[in-house]
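Below is one structure, written out as structure tokens, with a few remarks after it.
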2 protein chains.
Amino acid sequence: MTTPTETPSTPSRSRKGPTRSEVSKAAILDAARDEMAENGWRGFSVDSVAKRASASKQTIYRWWPSIGAMCVDAALALIPDAPDGGRDPQERITALIIPLEAAARTGHGHAVLRVALLAAADDKEAGEVWRAWVGRDIRQPLRMLLAELAGKRVIRRDFELDDVLEQLLGPIFHRLTISRAPVKEGFCAEQATAFLRTYAAF
Amino acid sequence: MTTPTETPSTPSRSRKGPTRSEVSKAAILDAARDEMAENGWRGFSVDSVAKRASASKQTIYRWWPSIGAMCVDAALALIPDAPDGGRDPQERITALIIPLEAAARTGHGHAVLRVALLAAADDKEAGEVWRAWVGRDIRQPLRMLLAELAGKRVIRRDFELDDVLEQLLGPIFHRLTISRAPVKEGFCAEQATAFLRTYAAF
DNA sequence: TCCTTAACACGGAACGGTCAGTCTCGCCTA
DNA sequence: TAGGCGAGACTGACCGTTCCGTGTTAAGGA
């Protein structure tokens, strides 16, 4: 723990002293993305990030509980907000996951996302940060959408939410990590189509 | 590189001196699996494996070009041969991937496979070992099978082999790494069913 | 309103402990 | 006699923590 009473990522302002520098935080995240792309997860080092960002290691540990959590944060900053899906079921499902595709297709987003996923799978705090984001930005809206589609008899009712999530996210994560092939435009739309065919009513 | 002229994992027998000890190799792989399950990928250390196996680090580097490659080898040893799929297309596809499910459901196979996947995604040599195994045991037979099914008009012809592979492997890998949920019996059969519905002819 | 003072963030540097990868030793085996 | 083996030394790098000196901010008294 860095500060005993307060979560490091949400500093309180009801106290004396200077505020935490958002400039330092941004420099650290920038440096972290470069280091992630260059060195992978096991070769990633806090010392290098600190040196590259001209920051102190203590500043890093003030903001994040672990380096894995920092890596996930650095990657999440690359992911844009979900667009409006319109009315078509396929487009609405695609809209939920296409921000991942967009991030994977920009600059070294592919490598940064890979390291963040490795961190989330390997580091406790990083996994919590990642699953919190997925839960809020993907799983929860997906649950609402699937309930609506099931109600309209567009899809069957006998689905397991987490199985669907795995079917939608698994392929792109596999591509980012194991196969390392580029993520084609329209990749996520294909997953949405596949899901609808799998779970089509009747 | 450990030995300049010879691939470490395939020692030549056309020379003087003792053979490499398969007993030591087995002890190292056993110890590696325990360490993988306990410490994850970033926390995994060669020193610990050597000490646990009562082996010398030099022996480890004689057998494997990198620790990642050793982790992948340790996990591959848990994966049984594919069963005979019979005549049903769904069963034949399931048969290709169900060895992964079987391995994930035994002892600490879940954790060992997770670390092997992280190694394959993070370490160059480990990735090559992993992709070589997938290519030989899954991708190649899958290609033959899909060609046959397409010929019989069971599935459409406009598929990309690697996209199918990603759709079949992605979900179980996601479950092993990110969500860490147990792999239910029948999980792989569900993926095969989903694939057939997605690519059904007509 | 001004000024002191306490609290704390910052960069930088150092610490003890761990690890990777290489090397050397003495022993043993084919 | 070439070479595998366990054991251990070694260098350089890294982790997580701690300390330092400097600077910045808010609270509270004059």
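The basis for the numbers below is simple: all heavy atoms, side chains too, and nothing from hydrogens, waters or symmetry mates. Below, chain A is the first sequence line, B the second, and so on; all start at residue 1.
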N or O in side chain of [X] less than 4.0 angstrom from [N] OP1/OP2:
| X | N | result |
| --- | --- | --- |
| B:T59 | D:dG6 | yes |
| A:W63 | C:dC10 | yes |
| A:S56 | C:dA9 | no |

Rounded to whole Å, how long is the line connecting atom [atom1] of [X] with atom [atom2] of [N]?
| X | N | atom1 | atom2 | answer |
| --- | --- | --- | --- | --- |
| B:I67 | C:dT22 | CD1 | C1' | 15 Å |
| A:N39 | D:dC14 | CG | C1' | 12 Å |
| B:K51 | D:dA9 | NZ | P | 11 Å |
| B:E35 | C:dA20 | CD | C1' | 15 Å |
| A:I28 | C:dC10 | CD1 | C1' | 10 Å |
| B:I60 | D:dG4 | CD1 | P | 16 Å |
| B:K25 | D:dG6 | NZ | P | 14 Å |
| B:E22 | D:dG4 | CD | C1' | 13 Å |

Residues in side-chain hydrogen bond (donor to acceptor under 3.5 Å, both in side chains) contact with A:T193, at least two apart in sequence or another chain: A:Q90

[X]/[Y] ion pair, N-O < 4.0 Å:
| X | Y | answer |
| --- | --- | --- |
| B:D34 | B:R52 | yes |
| B:R175 | A:D163 | yes |
| A:D47 | A:K57 | yes |
| A:D122 | B:R114 | no |

On the side chain of A:Q58, is there an atom forming a donor-acceptor pair with the base of D:dC19 - under 3.5 Å, no angle test? yes

Does some side-chain heavy atom of B:E148 sit less than 4.5 Å from a side-chain heavy atom of B:R92? yes

Are any protein N/O atoms closer than 3.5 Å to N/O atoms in nucleotides 14-19 of chain C? If there are, list each pair with its distance.
none

Name the orientation class of the two ring planes belonging to B:F159 and B:Y199 (parallel below 30°, tilted from 30 to 60°, perpendicular beyond 60°). perpendicular

Looking only at side-chain atoms of A:Y61, point me to the closest of D:dC15, D:dG6, C:dA20. D:dC15

